[in-house]
S.K.: 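One structure is given below, represented as structure tokens, and several questions about it will come after.
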Amino acid sequence: MDEGVSDGKTIKSVENAIAIMEVIAQTDEIGVTALSDRVDLSKGTVHHYLTTLSNHDFVEQSAGRYRLGLRSLTYGGIAREREWVYRVGKDGIDRLATYTEQTARLAVERGGYAVTVYQSTADSEPVGDTHLGSREPLYASATGKVLLSAMDGDERTRVLDRADRAASTPPDRAQLTDELADIRRRGIAFDDEDNNDGIRCVATGLATEADQLLGAIAVSARAESIDDDTFYETLPQEIRNVAGVIEINTTYRGWMD
Amino acid sequence: MDPTTELDIGIVGLGTHGQHRARLLDNAGQRVFGADASRDARNQFDRQFDALQVTDPAGLFEMELDGIIIATPNKFHAPAAIEAMERGHDVFIEKPLAHTLEAARTIQRVAASTGQLCLVGYQSRFLNVCKILKQYIDEGFFGEIRHVETSYRRRRGVPGRGSWYTAKEIAGGGALIDIGIHVFDLLLYFLEETDVSEMMATTRCDFGSRESYAYLDMWGEDDDANMFDVEDSVSAFLSFSGGTTAAVEVAWATNAESAHQYHIHGTEAGALLDITDVLNASTDVHQSLTFYEARTGGAHHYLDSTVTTRPNDPYVAQMETFLEAVATGNEPSINTLEQALAIQRLVHRIYADNDELIE
């Protein structure tokens, strides 16, 4: 294993540690043998990584299987607190979940992904597979498309070019361009089971007075739980109400401290 | 107050109301300074007034000023007013006092602890026709007032659909907290009451959020009902501790002629006060007052009297009262915190009752 600087820019061992964390996150919990296959490192090396990560509570071991530890939450919590759109928007997301009796979330764009910084659900069981901190490519959800639609052309091209290289089935660029134009015109993105069977999602963007994009808010519902009227009329209205309030609170946020 | 005294007045919140106040003060020869967190509002203000600009109200509060007018969206009345008073400024808050009763009470506590003047901008009491009516009521001209029938309704007059005016969390409510409060203010003034013993009220939302909202003149900017989660009409029946009752109709939108009227039903005489909004002018109102009697002298007859007086701009009179108050340090008997809190309690009660019904 190369412990040094691999290409003059990044450190291989940190990349390895991140790859190990990523596999553990995806599998929920995993043994050393399976893990070593997935990250293409020897069992012994993987074991050293796991011991190091475990010493710092980044992973936990139980009966020979490893899962993520709560140390990630320590940093996650700090990173989220720093996002003031979270602080300004959190109450609105809770309200949105209560009013709509569905799952509501707030996401921001980072590095070409939509990252969920807050999620609230009226039911005990959230709708869909998003959760706090979950990341999805921008082209792969109504929430992401809202964020994508607000980017300028060059930035959007860069994000989509990168997505093309990473995805097994890249999005149809022409179709996506039409869709983003619709979203910009309507101010609302609809996902009618396009990305997830059985789930309908409505999203809109949050922007400052100077049209700087802050993030996106969305409501996800199990398709059988809402009719077309709710999907196309009620949910967009509820989302607009909350988005408008968050935007006003953002403008005046300095006054509320 | 010496009319030549030039005062320095800060305005926090430079939207429609802040600009209106600034214009009145500018016309009266006062120096005006503005602050708003909203860039759009600052730019608009900047184009109209040759005044010092500051983004953050804190910058304004640091200045040596004679008084501060709070004209922000309702939710920000409390934080702005509290900081201003804690920094030693007298304040004038646009109506309503606050977006919630709780925030209104916090303002009251801070006013009491800091000893600063805190006026609340209910302008109707400054109308000459209202002052004249009050004088006749106090003289006993109407005998015992048994009932007051009131309505403040607009055929289509939702202010800026989709703006903060129609967002519950920012405005605190809809038609009731925007225009219904004027009816409560005048009722409490005319009847010299501070509380209602019994009340039944219903709030509705029938027009404002419609995509097909048809109108001739929009009050404020129409934003296609982007945000709309408030009531656009209210009907209430009130019973005061003295036994007088009142019927209150309030609507931002209804399928009827626009009106802002008070029918006073007394045992000796009655009155109709008409201060209906003038279309196209958000601050101008009709000003008419008529008295109704029935007498027996000679032959039975009805006697109707029309009061003719000079129409006045209540906002000008109100600003003069504010300027005199900050110049002298004397609290006026009109636009007081106590009066504003009495109104806020009624508003709170109606919303609380109706929320309970919905749940």
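What you see below is based on every heavy atom in this structure, not just the backbone, and it leaves out hydrogens, waters and symmetry mates. Here is the naming used below: chain letters follow the sequence lines, and residue numbers restart at 1 for every chain.
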S.K.: Could you state the interatomic distance from CD1 (B/Ile170) to OG1 (A/Thr251), rounded to the nearest 0.5 Å?
M.R.: 9.5 Å

S.K.: Just wondering, are more than 12 heavy atoms of other shown residues or ligands nearer than 6.0 Å to CD in A/Glu193?
M.R.: yes

S.K.: Checking A/Asn249 against B/Lys75: is there a side-chain donor and acceptor pair closer than 3.5 Å?
M.R.: yes

S.K.: Looking at B/Glu102, I want to see if its CD is surrounded by more than 12 non-hydrogen atoms of other residues, nucleotides or ligands under 6.0 Å.
M.R.: no

S.K.: Count the heavy atoms belonging to other residues, nucleotides or ligands that lie under 6.0 Å from CD of A/Gln26, then report whether that count exceeds 12.
M.R.: yes

S.K.: When rounded to the nearest 0.5 angstrom, what distance separates CE in B/Met227 from CD in A/Gln237?
M.R.: 10.0 Å

S.K.: Does a side-chain heavy-atom distance below 4.5 Å link B/Phe76 with A/Ile248?
M.R.: yes

S.K.: Tell me which of these, B/Ile82, B/Asp40, B/Thr72, B/Val12, has more heavy-atom pairs under 4.5 Å with chain A than the rest.
M.R.: B/Asp40

S.K.: Any chance CG of A/Asp227 has more than 12 other-residue heavy atoms, nucleotides or ligands included, within less than 6.0 Å?
M.R.: yes

S.K.: Please say whether more than 12 non-hydrogen atoms of neighbouring residues, nucleotides or ligands are located less than 6.0 Å from CZ in A/Arg67.
M.R.: no

S.K.: Ignoring hydrogens and angles, state whether a donor on the side chain of A/Tyr252 or B/Asp36 is under 3.5 Å from an acceptor on the partner side chain.
M.R.: yes

